[in-house]
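Okay, so here's the structure we're looking at.
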Amino acid sequence: MKFIAIFLFIAVSCYAPSEEKKNNGAFSASEFNELSENFLLAVKEGKNTEEYQEKLANTTLEELSADLQSNDEKIAFWLNIYNAYIQVILQENPKLYEDRNSFFKKEQIEIAGKQLSFGDIEHGMIRKSQWDLGMGYIRTWFPNKFERTLRTDKRDYRIHFALNCGAKDCPPVAIYNPKELDKQLETITKRYLENTSEYNDKTKEVAVTSLFNWFRGDFGGKSGTKEILEKHGIIPQTKGIDLNYKDYDWTLKLENYISL
């Protein structure tokens, strides 16, 4: 009996989460989507978010990769993380936005012990290793292990209508959940296109957000853009329609939230 008791004690000790792991702030592998949602919700409600930031910083690549397995889980997680940190960092120091080029390239977000930039998250994680200047046609050569492990499995053009970079013309901030992601992305895409597009039936011209120009490869070029616009009821057909790209209003506008 003593032998059995000792064996059971050792077995339980080996598989039970250690107190040291909990105290180090590591988050269990099934909760990272929920963590990202709660993080962004706390930002929205003006609450202290240091606990969430610490947990994200102190987890490991292995824990994240074990949790974020589906494409929807990865997209929802990174959208929430990106949008949350935009609010956190710029609310604390809005002057950083005066040099946007440096701001988006600066490594200032710690995830699993690695410092990431907003560009790393957008182009590496969410857009599956796209070169930031490649307009959606050129991939990044030799992405690092961290990026290869946690990036999305495929690109989804709708993320451009969900990422909020802090500008007035950016889409509003929503909290994304992997189980509802497809419906949420469809809703935010339609809403954003309706609010930013202007179609002139007399001239057969449509003025659209510059996002379609900057990331044209993600949208399938001009023909793909027109198909998207037709799908969402912005234009009546794709043939004979001319595209014009609007100027982007980079005026800083934070706390632009929406519930989906």
Side-chain angles (χ1 to χ4, degrees), residues 71-72 75-76 78-79 82-83 86-87 90 97-101 103-104 118-119 122-123 126-128 130-139 152 154-176 180-260:
N71 202 55
D72 286 354
I75 291 178
W78 288 116
L79 284 176
Y82 184 103
N83 289 343
I86 282 286
Q87 302 294 316
L90 289 178
Y97 211 60
E98 294 175 1
D99 186 351
R100 292 190 301 275
N101 187 53
F103 173 73
F104 290 116
F118 285 105
E122 178 179 6
H123 309 299
I126 301 178
R127 298 181 62 227
K128 196 182 178 182
Q130 288 292 310
W131 181 37
D132 60 340
L133 300 179
M135 304 180 78
Y137 293 111
I138 305 174
R139 295 193 63 180
T152 56
K154 58 183 178 180
R155 282 184 287 170
D156 188 326
Y157 74 82
R158 298 174 298 178
I159 61 94
H160 293 293
F161 310 122
L163 280 172
N164 180 287
C165 67
K168 186 176 181 180
D169 272 356
C170 284
V173 177
I175 298 174
Y176 292 94
E180 300 291 331
L181 185 65
D182 184 68
K183 180 180 178 181
Q184 289 181 312
L185 289 179
E186 278 297 298
T187 299
I188 197 69
T189 295
K190 183 174 181 61
R191 181 186 185 280
Y192 186 77
L193 293 180
E194 288 176 344
N195 289 342
T196 60
S197 306
E198 298 177 11
Y199 173 64
N200 188 322
D201 188 50
K202 293 182 179 180
T203 62
K204 305 300 180 185
E205 295 178 328
V206 59
V208 296
T209 173
S210 292
L211 294 172
F212 280 119
N213 185 33
W214 300 335
F215 306 105
R216 61 185 67 177
D218 290 11
F219 299 107
K222 286 190 174 182
S223 61
T225 296
K226 292 179 184 180
E227 290 174 2
I228 293 168
L229 294 173
E230 181 186 31
K231 173 185 175 182
H232 291 283
I234 307 301
I235 57 178
Q237 73 275 334
T238 59
K239 293 183 179 180
I241 304 293
D242 291 328
L243 283 177
N244 294 315
Y245 302 108
K246 293 181 173 182
D247 292 332
Y248 207 75
D249 189 340
W250 286 102
T251 304
L252 182 62
K253 181 180 179 181
L254 300 177
E255 300 185 36
N256 180 20
Y257 298 108
I258 186 175
S259 296
L260 297 179

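Everything numeric here is computed off the predicted structure, so don't read it as measured data. We count residues from 1, following the sequence as given.
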Apply side-chain contact (heavy atoms from CB on, under 4.5 Å) to Tyr176 and Ile75, showing your working.
CA-CA 9 Å; Tyr176 292 94; Ile75 291 178; over 6 Å; no
Under 6.0 Å from the NZ atom of Lys204, do we count more than 12 heavy atoms belonging to anything else shown?
yes
May I have all residue pairs that pass salt bridge (Lys or Arg N to Asp or Glu O under 4.0 Å) and include part of residues 220-246, sequence neighbours excluded?
Glu186-Lys231, Glu198-Lys246
Nearest heavy atoms of Gln237 and Ile241, plus distance in Å
O-CG1, 3.2 Å
Closest non-hydrogen atoms of Ala162 and Pro171, given as atom of the first, atom of the second and distance, are N-CG, 4.0 Å
With sequence neighbours excluded, residues passing side chain to side chain donor-acceptor pair (under 3.5 Å) with Asp99:
Ser102
Steps toward side-chain contact (heavy atoms from CB on, under 4.5 Å) verdict (Trp78, Ile159):
CA-CA 10 Å; Trp78 288 116; Ile159 61 94; over 6 Å; no
Verify, without hydrogens or angle tests, whether Arg155 (side chain) and Gly136 (backbone) share a donor-acceptor contact under 3.5 angstrom.
yes
Rounded to the nearest 0.5 Å, what separation is found between the OH atom of Tyr157 and the OG1 atom of Thr225?
10.0 Å
Side-chain contact, heavy-atom cut-off 4.5 Å: Pro172 with Arg191?
yes
For residues Asp169 and Tyr248, report the shortest heavy-atom separation together with the two atoms involved.
O-OH, 3.2 Å
Starting from the C-alpha separation in whole Å, work towards a yes-or-no answer on side-chain contact (heavy atoms from CB on, under 4.5 Å) for Leu260 and Lys183.
CA-CA 9 Å; Leu260 297 179; Lys183 180 180 178 181; over 6 Å; no
Going by the rule side chain to side chain donor-acceptor pair (under 3.5 Å), which residues pair with Thr251 if we only count those two or more places apart in sequence or in a different chain?
Asp249
Taking every non-hydrogen atom, the tightest pair across Leu229 and Ser197
CD2-OG, 4.2 Å
Pairs meeting criterion ring pair (Phe, Tyr, Trp, His ring centres under 6.0 Å) with involvement of residues 182-205, two or more places apart:
Phe161-Tyr192
Approximate separation, where rounding is to 0.5 Å, of Thr209 OG1 and Asp247 CG:
10.5 Å
Pair Asp132 + Arg127, salt bridge at N-O below 4.0 Å
no
Side-chain contact test, heavy atoms from C-beta onward, threshold under 4.5 Å: evaluate it for Val208 versus Tyr245 and give yes or no.
yes
Side-chain contact test, heavy atoms from C-beta onward, threshold under 4.5 Å: evaluate it for Leu193 versus Phe212 and give yes or no.
yes
Can you list the residues that meet the side chain to side chain donor-acceptor pair (under 3.5 Å) rule with Lys190, with sequence neighbours excluded?
Glu194
Tell me whether the rings of His160 and Phe219 are parallel (<30°), tilted (30 to 60°) or perpendicular (>60°).
tilted
pair Leu163-Leu79: side-chain heavy atoms closer than 4.5 Å
yes
When rounded to the nearest 0.5 Å, the distance separating CG of Asp156 from NZ of Lys128 is 13.0 Å
N/O donor-acceptor pair under 3.5 Å between Thr152 side chain and Asn71 backbone:
no
Hey, could you give me the CG/CD1 distance between Asn164 and Ile258, rounded to the nearest 0.5 Å?
11.5 Å
Between Val206 and Leu243, is there a side-chain heavy-atom distance shorter than 4.5 Å?
yes
Checking Arg100 now: which residues fulfil side chain to side chain contact (heavy atoms under 4.5 Å, CB included) with it, not counting sequence neighbours?
Tyr97, Phe104, Trp250
Can you find a heavy atom in the side chain of Asn256 that is under 4.5 Å from one in the side chain of Lys168?
no
Heavy-atom closest pair, residues Asn83 and Ala174:
ND2-O, 4.4 Å
Value for SG (Cys170) from CG (Leu211), rounded to nearest 0.5 Å, stands at 7.5 Å
Answer yes or no: is there a side-chain heavy-atom contact under 4.5 Å between Glu122 and Gln130?
no
